Amino acid sequence: MLARCGPLALLGASFLLVVGGLALSGLRPALIAFGAEIAVLVLLVGRTPFPWWRLLPGLLAFASVAWSNWLLAVPRSIDAAVVAGVRVAYFVVPGLVLASFVDPAALGDHLGQRLRLPARPVLAAVAALQRVDAFGEDWDTLQRSRRARGLGPTRSPVAQFGHYARLTFALLVEAIRQAGRMTVAMEARGYSAPVRTGRRRTWAEPAPWTRWDTALILVALALAALPTILAAAGP
């Protein structure tokens, strides 16, 4: 289902779940609501190939928030720490899943045509999002290049830290260079012409709001209201 939804519905559903996460209270309602949310997410993804490893940041967020709450709370309470972690995971995990289905080009079409946002920042955001997927390839290229020149790290943690710090800096420099080249290419293709001439910009594809978008928003509303309903139902 998520593969058929538009980017505005995917982003809107993510923001609705933020409200639901903040309403979580009590260990039992929090676990029930989070379990129901995970089950719904699995159903929404369906048979669409999805790299589940992308949920790793969400799991790290849950673990770090729960651990810090347990460590700093007086008195220390495991229940309160788990609830705090689930509260964060309640919107981070589905946010990661929903964001993975956002197509940058379709997002630009919807922002420009449905929300009537200015074309220039919309196009800049689309170009930046399209570059995010290429960061992994650039990282691998830089890493292979350094190893081919005999600049690979040893097993020492200090050498490993220095190696990845230099790779990160090289990736940053390469990203800035590519942004400059992309700006020149976009100007050469007349992306700024509507600003100078005042003519209305055309967009690549139509941006319809489909029944799948409405269904996703309704599901997100139900999940956002679930913590409040469970709290009202009591133990």
Side-chain angles (χ1 to χ4, degrees), residues 1-22 24 33-65 85-115 117 121-141 168 171-172 175 178-179 182 203-224 226-227:
M1 174 182 171
L2 294 181
R4 299 179 180 180
C5 295
L8 293 185
L10 293 169
L11 295 178
S14 301
F15 285 114
L16 286 174
L17 293 176
V18 174
V19 179
L22 296 177
L24 283 174
F34 189 58
E37 182 186 59
I38 294 300
V40 170
L41 275 179
V42 172
L43 292 176
L44 292 178
V45 172
R47 298 180 179 179
T48 306
F50 178 77
W52 291 100
W53 59 266
R54 290 187 178 180
L55 299 183
L56 184 59
L59 299 178
L60 290 176
F62 164 77
S64 62
V65 170
V86 172
R87 191 174 291 147
V88 173
Y90 197 78
F91 60 87
V92 170
V93 171
L96 291 170
V97 175
L98 296 175
S100 298
F101 287 89
V102 174
D103 177 59
L107 177 61
D109 291 332
H110 281 72
L111 291 178
Q113 297 178 66
R114 300 203 70 84
L115 299 187
L117 295 183
V122 168
L123 293 173
V126 170
L129 289 174
Q130 287 177 337
R131 288 300 308 155
V132 171
D133 290 336
F135 279 164
E137 298 177 5
D138 293 342
W139 179 273
D140 292 337
T141 302
T168 303
L171 185 65
L172 175 63
Q178 290 180 359
M182 183 178 292
W203 297 90
E205 300 289 344
W209 181 270
T210 67
R211 58 191 176 94
W212 298 106
D213 297 327
T214 303
L216 179 60
I217 292 298
L218 292 177
V219 170
L221 281 171
L223 289 174
L226 183 58

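Not measured: the values here are computed from a predicted model. Only heavy atoms go into these numbers, but all of them, side chains included; no hydrogens, no water, no symmetry mates.
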Rounded to the nearest 0.5 Å, how far apart are CD1 of I38 and OH of Y90?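 Answer for the CD1-OH pair, I38 versus Y90, is 9.5 Å.
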
Flag the pair [X] / [Y] as yes when at least one side-chain heavy-atom distance between them is below 4.5 Å, and no otherwise.
X	Y	result
W212	L2	no
V88	F62	no
L216	L44	yes
L17	E37	yes

For [X] against [Y], the heavy-atom pair lying closest together:
X	Y	value
A220	L16	CB-CD1, 3.9 Å
L226	A36	CD2-CB, 3.9 Å
P104	V126	O-CG2, 3.4 Å
L8	R114	CD1-CB, 3.9 Å
Q113	E205	NE2-O, 2.6 Å
R87	G21	CG-O, 2.7 Å

Sequence-distant partners of W52, ring-ring contact (aromatic ring centres under 6.0 Å, His included), two or more places apart: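 Listed in chain order: F50.
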
Intermediate values then yes/no, side chain to side chain contact (heavy atoms under 4.5 Å, CB included), L129 and V102: CA-CA 10 Å; L129 289 174; V102 174; 5.7 Å; no

Kindly say whether A9 contributes a backbone atom to a donor-acceptor pair with the side chain of D213 at under 3.5 angstrom?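 Looks like no, no N/O pair under 3.5 Å.
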
Throw together a table of side-chain donor-acceptor distances under 3.5 angstrom for residues 91-101, partners on residues two or more places apart or in other chains.
from	atom 1	to	atom 2	distance (Å)
S100	OG	R54	NH1	3.3
S100	OG	L96	O	2.8

